[in-house]
Amino acid sequence: MKLTKTALLAAALALSCATVTLNATPANALTLMDIIRGGKKKEPKYEPLPGVSSGTVLPGAEVKREAKPLPRVSGPRYYTYKADALTRVAVDKLADPVVTSSISAEVPPAGDAGIRAAFSTVNVRTTPDAAKAVETFYGSQKKFVWIDGTGINDKAKAAIAVLADAASVGLAPWDYAVKIPSDSFDSADMNARYSELATFEVALSSAIATYVQDAVRGRIDPNRISGYHDFKRKDVNLVAALKNVAMSNNIKGYLESRSPASADFQALKAELAKLRLESEGEDRVVIAEGTLLKPGQSNPELANIVKGIVKHSSDALKTDHSVAIATYSGTSDYTPELVALVEAFQKENGLKPDGVVGKASIRKMTGGDSVADKVGKLEVALEQARWLPVDLGARHVFINQPAFQVYYYEDGAEKFSMRTVVGSKANQTYFFQDQVQTVEVNPYWGVPQSIIVNEMLPKLRNDPSYLDRMGYEVAVGGRAVPSSSVNWYGSTAGVSVRQPPSGDNALGELKILFPNSHAIYMHDTPSKSFFKKDMRALSHGCVRLAEPRKMAAAVLGVSEDEVGKEIAAGRNKALSVKADIPIYVAYFTAWPNKDGKVEYFDDVYGRDDYIRKAFAATQKAREIQG
């Protein structure tokens, strides 16, 4: 099909889908509801406006402009992670004044009274939230949790065992390390023993509070990683947790229950345990870097390619192609039978089944990451899973950016998935959660300021009528004007540009809105060829859908035919989503599929590295010196 100029522009810009990225639309700008309520659209009146000339720039007219560098609009950035510094537990709030005042230096106090009096000697540092919780807890707690007589109790030993095993749920055991009092001590110096026990009591409670908080919401604050992360951190009642610990007869069960119980989290946890049992000396398939094999060619790496398919494909695939596998003699000739084998393997792994063995296919044939790499991805995934609700909702939409896929769930089960295109590395899609609210058919595309400034402005300074010719609508301060009349050398803050509904509209037939401050949503696109690519980080930040009508019908609770009728009517229309449907615009390089098998993906934005740096910064901040 021959593309129009507008369609070519859309493809050239890799068009975005946000309304306005940095500057809100003026209050008096024409809106969707204005159009719906106003009926037939009136012809706009062009009047002189501030920053706008009184008419079209005539051919040959010389306009003197001050030569200035073109402005740029930049996106969010990544930060140097700043972890919370440790703070000292205020021991003056812990000691019992009545007991303390009765203590004589010459006569060591006995039992619990002696240990409580020794609180005044305690010097324990912990995270700020844990310190406050411990102070509040011991302000009213009259019995010790971890001490019996002059030693530690079985509950303390059980708690220490859970903390030492923190790595099994993706946490760091050294973050919760506590010095354990020796079983032997000098009975002639009970003050020293009481001080040691008092320190242990406060230190273990502090470690428990920190562990509970980390297990529930994660040990790092995602919003400190980058401007692309947007989460409200979970509130954790640590005082209540310490009270529950004090009353619990099953400390192991209670602490383990603080981590998410979801099937996804448990699958990640089980995968981590399995991989840690595997050695790095596993029999891995190695295919030479840079290998590219096309049908009809020959390549000495073909033997490794076949070996990789046999090792990493399903039994069903191997049965279907058993003859080709059995008769392959190790030659370098890429025969039609082997092409069919490769195509089947590609299809099974969600790749384009074209028989071309390139980077994406080789990743699957070699098993992808090493065991160590997979463990690293699982640790990051377990952390990130804690940022999300424990229950994602029986009905929800889940986008996993590194997988370039979106999944729709009903009754807690995946109903379908489809390919997506997400933001390029220069225009990354955010990581956040929201609520699906509206499906808009025959949409307008409001061009974000970032595209107006970064991509359209250079053209407009050379050709002010550029947007007029391309069929875009321009407004200054909410009032419609010709593109040719705008002073494109002034500020664009009050200038809005939008593309009317059409077959060439950058958003295609529809968009699915979940209003957020990042102006990100799901939408159709005229650039269908992008969905055939394996690496689909190609947009300006929004999420393009391979089957937009299917997703629209699902969230609206109607048939695809009904969605098609709304589109065929040709009117720009907003359809309200009545159901409560959360959406998670997520970023996981390791995540279970619908069968519970963990799949691994390339870290397209390099975000896992920033999280690992945050882990390291947190560990360093939590180290107790001296």
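Minimum interatomic distance between Ala546 and Met418 (heavy atoms only, all atoms of both residues): N-SD, 4.1 Å. When all heavy atoms of Ala261 and Val390 are compared, the pair lying nearest together is N-CG1, 4.1 Å. Met535 and Leu538 make their closest contact through O-CD1, 3.9 Å (heavy atoms, listed as atom of the first residue, atom of the second, distance). Phe588 and Ala385 get closest at one heavy-atom pair: CE2-N, 3.7 Å. Looking at every heavy atom in both residues, Ala617 comes nearest to Ala83 through O-CB, 3.8 Å. In plain terms, the two heavy atoms of Ala381 and Ala590 that are nearest each other are CB-O, 3.4 Å.
Under the 3.5 Å distance criterion, with hydrogens and angles disregarded, a donor-acceptor pair is assigned to the side chains of Tyr138 and Ser205. Checking Glu271 against Tyr600 by side-chain atom types alone, a donor-acceptor pair falls below 3.5 Å. There is no side-chain donor-acceptor pair under 3.5 Å between Arg88 and Thr126. Looking only at atom types and distance, the side chain of Glu599 has a donor-acceptor partner in the side chain of Asn593 under 3.5 Å away. Side-chain contact annotation: Asp175 with Gln619, donor-acceptor N/O pair under 3.5 Å absent. Arg607 and Gln428 are linked by a side-chain donor-acceptor pair at a separation below 3.5 angstrom, with hydrogens and angles left out of the test. Inspection of the Gln405 and Thr420 side chains reveals no N or O donor paired with an N or O acceptor under 3.5 Å. In this model, a donor atom of one side chain and an acceptor atom of the other lie less than 3.5 Å apart for Arg395 and Tyr408.
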Show your working on side chain to side chain donor-acceptor pair (under 3.5 Å) between Asp603 and Thr589 and close with a plain yes or no.
CA-CA 6 Å; Asp603 186 6; Thr589 55; 5.9 Å; no

Give the intermediate values and the outcome of side-chain contact (heavy atoms from CB on, under 4.5 Å) for residues Val162 and Ile251.
CA-CA 9 Å; Val162 174; Ile251 190 69; 5.8 Å; no

Is there a side-chain contact (heavy atoms from CB on, under 4.5 Å) between Val543 and Val421? Walk through the geometry before answering.
CA-CA 6 Å; Val543 180; Val421 171; over 6 Å; no

What do the steps show when you test Tyr211 against Val169 for side-chain contact (heavy atoms from CB on, under 4.5 Å), and what is the final call?
CA-CA 11 Å; Tyr211 177 90; Val169 289; 4.0 Å; yes

Assess whether side-chain contact (heavy atoms from CB on, under 4.5 Å) is satisfied between Lys82 and Thr618, documenting all intermediate values.
CA-CA 8 Å; Lys82 303 293 184 183; Thr618 299; over 6 Å; no

Would you please test Ser314 and Glu348 for side chain to side chain donor-acceptor pair (under 3.5 Å) and show each step?
CA-CA 8 Å; Ser314 67; Glu348 184 173 80; 2.4 Å; yes

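Looking at Lys359, its side chain never comes within 3.5 Å of a backbone N or O of Glu289 through a donor-acceptor pair. In terms of modelled atom types and a separation under 3.5 Å, the side chain of Asn123 and the main chain of Thr121 share no donor-acceptor contact. Within the 3.5 Å criterion, the main-chain N or O of Ala203 finds no donor-acceptor partner in the side chain of Lys179. Remark: the backbone N or O of Lys597 is not paired with any side-chain donor or acceptor of Asp595 at under 3.5 angstrom. For the pair Lys252 (side chain) and Ala161 (backbone), a donor-acceptor distance under 3.5 Å is absent. Checking side-chain atoms of Asn153 against main-chain N and O of Lys155 turns up a donor-acceptor pair under 3.5 Å. Not one N or O on the side chain of Arg536 forms a donor-acceptor pair closer than 3.5 Å with the backbone of Pro402. In terms of modelled atom types and a separation under 3.5 Å, the side chain of Glu196 and the main chain of Pro181 share no donor-acceptor contact. Looking only at distances, a side-chain donor or acceptor of Glu201 sits under 3.5 Å from a matching main-chain atom of Val145. Judged purely by atom type and a 3.5 angstrom limit, Gln213 has no side-chain atom pairing as donor or acceptor with the backbone of Val236.
A salt bridge links Glu379 to Arg276: one of the charged nitrogens lies within less than 4.0 Å of a carboxylate oxygen. With salt bridges taken as basic N to acidic carboxylate O contacts below 4.0 Å, none links Arg193 and Asp186. With respect to Lys132 and Asp129, no salt bridge is recorded, no charged nitrogen being found less than 4.0 Å from a carboxylate O. Taking a cutoff of 4.0 Å between a charged side-chain nitrogen and a carboxylate oxygen, Lys620 and Glu623 do not qualify as a salt bridge.
In this structure, Lys143 NZ and Asp148 CG are separated by 8.5 Å, a value rounded to the nearest 0.5 Å. Atom NE2 of His523 is separated from atom CZ of Arg544 by 5.5 Å, given to the nearest 0.5 angstrom. A distance of 9.0 Å separates CG in Asp230 from OH in Tyr430, rounded to the nearest 0.5 Å. The CD atom of Gln266 sits 9.5 Å away from the CG atom of Leu382 when rounded to the nearest 0.5 Å. Atoms CG and CE, on Leu242 and Met247 in that order, are 11.0 Å from each other to the nearest 0.5 Å. In this structure, OG on Ser248 lies 16.0 Å from NZ on Lys243, to the nearest 0.5 angstrom.
For the ring pair (Phe, Tyr, Trp, His ring centres under 6.0 Å) criterion with Phe231, the lone passing option out of Tyr587, Tyr584, Phe431 is Phe431. Each of Phe432, Tyr78, Tyr605 was checked for a ring pair (Phe, Tyr, Trp, His ring centres under 6.0 Å) with Tyr228, and the lone residue meeting it is Tyr78. Among the candidates Thr87, Leu86, Asp214, the single residue satisfying the side chain to side chain contact (heavy atoms under 4.5 Å, CB included) test with Thr127 is Leu86. The salt bridge (Lys or Arg N to Asp or Glu O under 4.0 Å) test with Asp84 is passed by exactly one of Arg224, Arg622, Arg219: Arg224.
Using a 4.5 Å cut-off on side-chain heavy atoms (C-beta onward), Met522 and Ile583 make contact. Contact annotation: the side chain of Val134 never approaches that of Leu238 to less than 4.5 Å [non-hydrogen atoms, C-beta and beyond]. By the 4.5 Å heavy-atom criterion applied to side chains, Ile208 and Tyr254 are not counted as neighbours. Contact check for His396 versus Tyr409: side-chain heavy atoms found under the 4.5 Å cut-off. By the 4.5 Å heavy-atom criterion applied to side chains, Ile220 and Trp387 are counted as neighbours. Between Phe200 and Val178 there is a side-chain heavy-atom pair separated by less than 4.5 Å. Side-chain contact check for Pro515 versus Gln437: some heavy-atom pair is nearer than 4.5 Å. Contact of the Tyr610 side chain with the Arg612 side chain is not registered, since no non-hydrogen atoms from C-beta on lie closer than 4.5 Å.
For Phe398 and Trp591, the ring centers are positioned less than 6.0 Å apart.
Atom NZ of Lys594 has 12 or fewer neighbouring heavy atoms from other residues, nucleotides or ligands inside a 6.0 Å radius.
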